[in-house]
Amino acid sequence: MKLSQAVTLAVLCGTLPAIQATPTPAASSALPTGTSVVSGANALATAVGKLYFGSATDNPELTDTTYMTYLNSSQHFGQITPENSMKWDATEPEVNTFTFTEGDQIADLAKSNGQILRGHNLVWYQQLPDWVTSNDYNATGLTAVIQNHIAGVAGHYKGQPYSWDVVNEPLNDDGSFRSDVFYDTLGESYISIALNAAHEADPNAKLYINEYNIEYTGTKSTAMQSLVTTLQADGVPIDGIGMESHFIVGEVPTTLVENFQAFADLGVEIAITELDIRMTLPETAALLEQQKQDFYTVVDACLQVSACKGITVWDWTDKYSWVPSTFSGQGAATPFDDPAFDGIVMALKGQSLS
Ligand SMILES: *[C@@H]1O[C@H](CO)[C@@H](O)[C@H](O)[C@H]1NC(C)=O
Ligand SMILES: *[C@@H]1O[C@H](CO)[C@@H](O)[C@H](O)[C@H]1NC(C)=O
């Protein structure tokens, strides 16, 4: 659905009535009621005790004025995550040669807008430059490579990110460790090497492991909980677990709350870090209605667990969603240009959907 057709026109229409220069204070005395103007997602999320409602964004989008008008609005977005520009291939394309131009653009944007920054990500098996994967580093060498990368990147942004996705997607769906250059060379010790290096580089950042298919109870979630327990027992700094939450319409897991709580019980915080809910196109009224319920369900699950700090959508408009180019025939996965936005607002306002 195009922005111009959205049912959320009251919020997103050309005159942008709900985007005010002065955001609703987080500590405002009362929640908006059904009769008051709809406030933005972040204003509502912070009013009920979350740290933020946020969005991923990417550098090519920053020249789109309409897009930026919404992204800049701390009414809607109290937090941003760079989709690509802080990843390894972007920040250290050659050994020990760091480039921060694009990452800085996003970090500076967050700073100018008073938005929380989520650093994303430091160690991941994808978007790695060839020099990392094809140099046949031995354990000593690869440890130094990881430490130098993290010191360079997390050190550069020291003090700004609320959190870093230090290790991204370390597990297979069966709960075993993913085979990649890091695991194959260092075993699971690469995870503690990375977390310790991140702590040294930016002692105040919350250090996360970010993963998918751990949002619900099951083998992979249990394996992640074991990893957390092991890291804690070893005295390795681990503050949070990112629940990516790339879901499918009509298939949102039913065990989100009990699963989030299981992580909370280990003493780590969690965040919904990459939320989108895709459908097989074309979109229909029935699919959009289901999607609205699905977004409601996910946001409500975060509200039910105090350790869930915030919700980040993996971009807020279909115009810049990764879904159509990644999942053939699927799309309409982001909420702000669909009825799904209303599901988010209703959940944040504590209204029932029916
Ligand atoms: C968005 O915010 C940035 C930083 O505050 C500013 O430079 C830019 O002009 C804004 N863009 C729009 C379209 O509001
Ligand atoms: C690891 O690689 C470095 C650099 O090639 C080499 O100097 C060192 O001896 C190797 N260490 C081991 C334990 O093989």
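Keep in mind it's a predicted model, so treat the numbers as computed, not measured. Remember, it's 1-based here, ligands and their atoms both numbered in the order they're listed.
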Undergrad: Of all heavy-atom pairs between Val249 and Ile277, which one has the smallest distance, and what is that distance?
TA: N-CG2, 3.5 Å
Undergrad: Distance to the ring centre below 6.0 angstrom and angle to the axis at most 45 degrees; does that hold for Arg118 and Tyr162?
TA: no
Undergrad: Taking Ser176 for its side chain and Asn172 for its backbone only, find out whether a donor-acceptor pair lies under 3.5 Å.
TA: no
Undergrad: Taking Thr255 for the side chain and Thr217 for the main chain, is one N or O donor matched with an acceptor at less than 3.5 Å?
TA: yes
Undergrad: Tell me, which protein residue and heavy-atom name are nearest atom 5 (O) of ligand 2, and how many Å apart are they?
TA: Asn138 ND2, 4.8 Å
Undergrad: At a non-hydrogen distance cut-off of under 4.0 Å, which region of Leu71 contacts ligand 1 (side chain, backbone, both, or neither)?
TA: neither
Undergrad: Would you mind checking which non-hydrogen protein atom is closest to atom 2 (O) of ligand 1, with the distance to 0.1 Å?
TA: Asn72 ND2, 2.4 Å
Undergrad: Show me which atoms of ligand 1 lie under 4.0 Å from any heavy atom of Leu109.
TA: 2 (O), 3 (C), 4 (C)
Undergrad: So if I count the atoms of ligand 1 from 1 in the order they appear, which ones are less than 4.0 Å from some heavy atom of Thr65?
TA: 13 (C)
Undergrad: Just need the protein heavy atom nearest to atom 4 (C) of ligand 1, so name the residue and atom and give the distance.
TA: Ser112 CB, 3.5 Å
Undergrad: Flag atom 9 (O) of ligand 1 as yes if some protein heavy-atom distance to it falls below 4.0 Å, otherwise no.
TA: no
Undergrad: Can you tell whether the side chains of Glu61 and Lys319 come within less than 4.0 Å, N to carboxylate O?
TA: no
Undergrad: Can you label the angle between the Tyr157 ring and the Trp164 ring as parallel, tilted or perpendicular, going by 30° and 60°?
TA: tilted
Undergrad: Any N or O on Thr69 sitting closer than 3.5 Å to an N or O of ligand 1?
TA: no
Undergrad: Are any non-hydrogen protein atoms located under 4.0 Å from atom 14 (O) of ligand 2?
TA: yes
Undergrad: Check for a donor-acceptor pair, side chain of Thr81 on one end and backbone N or O of Ala56 on the other, with a separation under 3.5 Å.
TA: no
